[in-house]
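Scroll down for the structure; my scribbles are underneath it.
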Amino acid sequence: MPWDQEAYAEAVLALVERVPRGRVTTYGAIAEHLTGLGLPRGPRTVGRVMSLHGGGVPWWRVVRADGSLPPSHGDEARAAYLEEGTPLRGTGRVDMPAAYWQPR
DNA sequence: ATCCTGACGCTAT
DNA sequence: AATAGCGCCAGGA
């Protein structure tokens, strides 16, 4: 039986909603967290969920593990970072040690 | 089954 | 910093 994508998508979105203003988390971190909750999927699957259903949550607070942004995030995300005071490193890159929020 | 394509991650160059 | 290769998970043709 196929895995419950509906439940997984809900879990991902619920988690993204908990990322505080000015902080970010990663696709991989979300995947690992949910794996711990008994929903074993990979980072790519999280990215897929965001691509399809991320519209209703703070999608700009989810970045790659190295702090770089998926091209799809665009300038919209950068504007949001300046607005929320997200720690940045250079242009269009997040200062991970400072901004990383561990899913909990 | 096979091939291609992603809002990924890691290592090597 | 940028690029390339490979592993990975899912979905579509």
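What you find for A:Y27 and A:P43 is that their closest heavy atoms are CB-O, 4.0 Å. Across all non-hydrogen atoms, the minimal contact from A:G22 to A:E84 is N-OE1, 2.9 Å. The minimum heavy-atom distance between A:W59 and A:G54, with the atom names listed, is CD1-O, 3.7 Å. Minimum interatomic distance between A:V63 and A:S68 (heavy atoms only, all atoms of both residues): CB-O, 3.8 Å.
Taking the centre of each ring, A:Y81 and A:W60 stay at or above the 6.0 Å mark.
Atom OH of A:Y8 is separated from atom P of C:dG11 by 12 Å (rounded to the nearest Å). Atoms CD (A:Q5) and P (B:dG6) sit 19 Å apart, rounded to a whole Å. Atom CG of A:L34 is separated from atom C1' of C:dC8 by 17 Å (rounded to the nearest Å).
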Anything under 3.5 Å between a donor and an acceptor, one on a side chain of residues 95-103 of chain A, the other on a protein residue two or more places apart or in another chain? List them.
residue	atom	partner	partner atom	Å
A:Y100	OH	A:Q102	OE1	3.2

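A gap of 16 Å separates the P atoms of C:dA13 and B:dA7, to the nearest Å.
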Checklist line | Contact letters for nucleotides 7-13 of chain B, in which S counts primed atoms plus P, OP1 and OP2 and B counts the base, heavy atoms under 4.0 Å | finding: BBSS---
